[in-house]
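Each remark here refers to the structure printed beneath this line.
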Amino acid sequence: MPQGEIDISILKYRKEKRISQADFGRLVGVKQATVSNWESRKVNPSGKNLERIRELVNPQTPETKPISNSDELALLKELLLAKEEIIVYLKTTIDRIKEG
């Protein structure tokens, strides 16, 4: 996310989480006045503050991280192979049970 969008993202995040500027500041490690300055575009966050803000407002978890078509295809192939292995295992187990 471009640095100019940070102020909007902070405000949106705070509204979604229903937290104050002071609370957001505590999460990032700055004072409420600093958060106010970011939101009003008087100052842009930098360094580790910018990094921390990005982590908070736009987390990249495995559930939300976009997956490429090639990665999705590889995953589907793995699942299909696993399914086939399970079927073979179940058939073998059934045969053993039948044989006693």
Side-chain angles (χ1 to χ4, degrees):
M1 120 185 19
Q3 192 163 343
E5 294 177 14
I6 291 293
D7 55 330
I8 296 166
S9 296
I10 293 171
L11 186 57
K12 181 180 174 190
Y13 177 86
R14 286 196 317 100
K15 287 186 184 258
E16 287 174 357
K17 302 293 183 184
R18 296 182 178 155
I19 62 173
S20 67
Q21 288 179 337
D23 291 333
F24 187 84
R26 280 189 280 281
L27 291 171
V28 178
V30 299
K31 295 182 180 180
Q32 176 274 327
T34 303
V35 177
S36 176
N37 287 335
W38 290 339
E39 288 184 357
S40 64
R41 296 184 181 189
K42 290 179 183 173
V43 178
N44 286 323
S46 60
K48 72 176 183 176
N49 291 336
L50 184 59
E51 215 174 284
R52 182 68 181 128
I53 292 167
R54 285 183 174 145
E55 290 172 0
L56 284 170
V57 302
N58 192 21
Q60 291 293 315
T61 61
E63 297 82 31
T64 61
K65 191 180 278 188
I67 185 168
S68 70
N69 286 342
S70 61
D71 288 343
E72 185 175 16
L73 183 59
L75 180 59
L76 290 172
K77 285 180 180 178
E78 285 181 39
L79 290 172
L80 183 59
L81 181 61
K83 180 181 172 185
E84 290 170 355
E85 290 174 356
I86 290 170
I87 290 170
V88 168
Y89 170 77
L90 290 173
K91 285 180 178 178
T92 305
T93 303
I94 289 170
D95 288 344
R96 267 192 265 144
I97 292 172
K98 285 180 179 177
E99 291 173 0

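The residues of the chain are indexed from 1 along the displayed sequence.
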Inset, instruction - State the CG-CG distance between L76 and L81, to the nearest 0.5 angstrom. - result: 12.5 Å

Inset, instruction - First locate atom CG of N49, then atom CD of E51, and finally report the distance between them rounded to the nearest 0.5 Å. - result: 10.0 Å

Inset, instruction - Could you list who else is in L80's hydrophobic cluster, with ILVMFWY side chains joined at under 4.5 Å, directly or through other members? - result: none

Legend entry - Spacing of S36 atom OG and I10 atom CD1 [to the nearest 0.5 Å]: 10.5 Å

Legend entry - N58 side, atom CG; K12 side, atom NZ - distance, nearest 0.5 Å: 9.5 Å

Legend entry - ring-ring contact (aromatic ring centres under 6.0 Å, His included) pairs, two or more places apart, involving residues 11-35: Y13-F24

Legend entry - Validation row: V43, T34 side chains within 4.5 angstrom (heavy atoms): no

Side chains of residues 86-99: which donor-acceptor partners sit under 3.5 Å, not counting sequence neighbours?
from: T92; atom 1: OG1; to: V88; atom 2: O; distance (Å): 2.8
from: T93; atom 1: OG1; to: Y89; atom 2: O; distance (Å): 2.8

Legend entry - Within residues 21-32 or reaching into it, pairs that qualify as side chain to side chain donor-acceptor pair (under 3.5 Å) - sequence neighbours excluded: S20-D23, Q21-Q32, Q21-E39, D23-R26

Inset, instruction - Using the test side-chain contact (heavy atoms from CB on, under 4.5 Å), find all partners of E78 that sit at least two apart in sequence or belong to another chain. - result: none

Legend entry - Criterion side-chain contact (heavy atoms from CB on, under 4.5 Å) on L79 and K83, from CA distance to verdict: CA-CA 6 Å; L79 290 172; K83 180 181 172 185; over 6 Å; no

